[in-house]
2 protein chains.
Amino acid sequence: MTPDFEAQLRAVSLRVTRPRLAVLSALRDHPHVDTDAVIDLVRADHPTVSHQAVYDVLRALTDAGLIRRIQPAGATARYESRVADNHHHVVCRSCGAIADVECAAGHAPCLTASDDHGFVIDEAEVVYWGVCPDCATSTKPTESASSEGTR
Amino acid sequence: MTPDFEAQLRAVSLRVTRPRLAVLSALRDHPHVDTDAVIDLVRADHPTVSHQAVYDVLRALTDAGLIRRIQPAGATARYESRVADNHHHVVCRSCGAIADVECAAGHAPCLTASDDHGFVIDEAEVVYWGVCPDCATSTKPTESASSEGTR
DNA sequence: ACGACAAACTTGATTCATTCCAGATAAGGG
DNA sequence: CCCTTATCTGGAATGAATCAAGTTTGTCGT
């Protein structure tokens, strides 16, 4: 599948520019990257792109709904291009790694608050906190010599 | 209920100091405040307390489990003293106001991921996004004809 | 009660993600 | 092809949070 980034941009009335195509391409190949990583990825192909351009592009694409911004507590902002469904994320407490988790309900908000305090709720964001497989094995190698793979 | 802050601190092997008692007191009276607000509240009683002391105290109390740190995407860190239950929050997209929402299940994690990718999950954090009653009325001209600016 | 030691605090500088600004460039409708 | 203006470049500024060095103070042992 080769996404037509140009068509995506035109569909939301955004001009088709090299930085924007590069950002979309970077996010397609690298889900859950932070702004700094996006800058590096973009500059691999277009070394002259400024950091401000990447910040502007990420904001424009987020506002347009082409990408999604995720920001786990205590971490810098990350972006992903999966926006069609409203899925959730697992975040590793140790290394910050992020993985996708399917949402039970296919539509937002997937949960209903018991008492909404009069708020008009349009989205329920779920973040699962835990330890990723890599960190689990590397931090506890002493006692779990036998049971390495619990997966 | 009058919490015995001194006993709480001793219970987790933390020294009883004025800045810590002041922070606990401030959080009891003002839920969901950010660090800056805590500094102001503490200095109302103890003007000489440094901002660094407040940062240190907030971290120490958070690590000890006496308070909880919450950080909605795009906002600064906020703290609350309600830690016994694992409840969730509604956040206003417009003004950032936060309200508590009871959790259906009384224990963490209250949700189970459909596919945990091998992660060892210990908590499911839920953030409901929406618009608070105040912002809803001020942006919709249906009912806010004249004076409203109460916040 | 007293002294010692380490935890905790004060002061001040520093980091780092993000935003602001002014001027240059280029996308795309006419 | 030209004009308008959205977008990009380069550089400075903001602000939450952290780091570092030195001083104070809570708590324990005698």
Side-chain angles (χ1 to χ4, degrees), chain A residues 4-26 32-43 45-64 66-67 69-79 96 98, chain B residues 4-26 32-43 45-64 66-67 69-79 96 98:
Chain A
D4 189 346
F5 297 137
E6 189 174 331
Q8 285 186 36
L9 288 171
R10 293 192 194 282
V12 293
S13 309
L14 285 178
R15 290 186 181 174
V16 179
T17 67
R18 236 156 306 225
R20 286 176 177 169
L21 293 174
V23 166
L24 284 172
S25 174
H32 313 137
V33 286
D34 59 26
T35 308
D36 242 32
V38 174
I39 293 175
D40 288 344
L41 288 167
V42 167
R43 283 182 177 161
D45 286 328
H46 309 278
T48 66
V49 173
S50 66
H51 76 122
Q52 184 58 46
V54 175
Y55 272 98
D56 284 347
V57 168
L58 288 173
R59 170 182 296 225
L61 297 182
T62 303
D63 290 346
L66 292 186
I67 63 177
R69 176 192 178 119
I70 52 185
Q71 189 171 10
T76 60
R78 289 158 178 265
Y79 296 86
I98 297 181
Chain B
D4 188 348
F5 298 138
E6 187 176 332
Q8 286 185 33
L9 288 170
R10 294 194 194 283
V12 293
S13 307
L14 286 178
R15 291 188 182 174
V16 179
T17 67
R18 234 155 307 216
R20 287 178 177 168
L21 293 175
V23 166
L24 284 172
S25 173
H32 314 138
V33 286
D34 58 26
T35 308
D36 243 31
V38 174
I39 293 175
D40 289 344
L41 288 167
V42 168
R43 285 183 176 161
D45 286 328
H46 309 278
T48 66
V49 173
S50 66
H51 75 121
Q52 185 59 44
V54 175
Y55 272 98
D56 284 347
V57 168
L58 288 173
R59 172 184 294 228
L61 296 183
T62 302
D63 291 346
L66 292 187
I67 63 176
R69 176 192 178 121
I70 53 185
Q71 188 172 11
T76 60
R78 289 156 177 267
Y79 296 86
I98 297 180

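By convention in this document, chain letters (A, B, ...) are assigned in the order of the sequence lines, proteins followed by strands, and residues within each chain are numbered from 1.
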Expressed in angstrom and rounded to an integer, what is the separation of [X] atom [atom1] from [N] atom [atom2]?
X	N	atom1	atom2	answer
R59(B)	dA8(C)	CZ	C1'	14 Å
H46(B)	dT25(D)	NE2	C1'	15 Å
L14(A)	dT5(D)	CG	P	18 Å
Q71(B)	dG15(D)	CD	C1'	14 Å
Q52(B)	dA20(D)	CD	C1'	10 Å
L9(A)	dA6(D)	CG	P	16 Å
Y55(B)	dT11(C)	OH	P	17 Å
F5(A)	dA27(C)	CZ	C1'	20 Å

- Can any side-chain N or O of E6(B) pair as donor or acceptor with the backbone N or O of V16(B) at less than 3.5 Å?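 Pair absent, no side-chain N/O of E6(B) close to backbone of V16(B).
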- Whether R20(B) side chain and R15(B) backbone form a donor-acceptor pair below 3.5 Å: yes
Distance test, side-chain N/O of [X] to OP1/OP2 of [N], below 4.0 Å:
X	N	value
T76(B)	dG15(D)	no
T35(B)	dA17(D)	yes
R10(B)	dT27(D)	yes
R18(B)	dT25(D)	no

- Message: Checking Q8(B) against D4(B): is there a side-chain donor and acceptor pair closer than 3.5 Å?
- Response: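 Short answer, no.
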Can you tell which of [options] lies closest to the side chain of [X]?
X	options	result
R20(B)	dC9(C), dC8(D), dA20(D)	dC9(C)
D56(B)	dC8(D), dT9(D), dC9(C)	dC9(C)
A53(B)	dC8(D), dC9(C), dA27(C)	dC9(C)
H51(B)	dT7(D), dT18(D), dT18(C)	dT18(D)

Can you measure from [atom1] ([X]) to [atom2] ([Y]) and round to the nearest 0.5 angstrom?
X	Y	atom1	atom2	result
R78(A)	I67(A)	CZ	CD1	14.0 Å
D63(A)	L14(A)	CG	CG	9.0 Å
T35(A)	D40(A)	OG1	CG	11.0 Å

- Message: Let me check the geometry of the helix from dA1(C)-dT30(D) to dG30(C)-dC1(D). What is the bend angle between the axes at its two ends, five pairs each, to 10°?
- Response: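 About 40°, once rounded to a multiple of 10°.
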- Nearest-nucleotide comparison on DNA chain D, the residue closer to the 5′ end among R69(B) and V54(A): V54(A)
- Query: Between D36(B) and S50(A), which has a closest nucleotide on DNA chain D that is more 5'?
  - Reply: S50(A)
- Task: Carefully, step by step, assess L9(A) and T17(A) under the rule side-chain contact (heavy atoms from CB on, under 4.5 Å).
- Result: CA-CA 9 Å; L9(A) 288 171; T17(A) 67; over 6 Å; no
- Query: What is the nucleic acid contact for A60(A), judged by heavy atoms within less than 4.0 Å: base, sugar-phosphate only, or nothing?
  - Reply: nothing
- Message: Are the side chains of R69(B) and L58(B) in contact, using a 4.5 Å heavy-atom criterion?
- Response: no
- Message: Between the base of dA8(C) and the side chain of R15(B), is there a donor and acceptor pair under 3.5 angstrom?
- Response: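 There is none.
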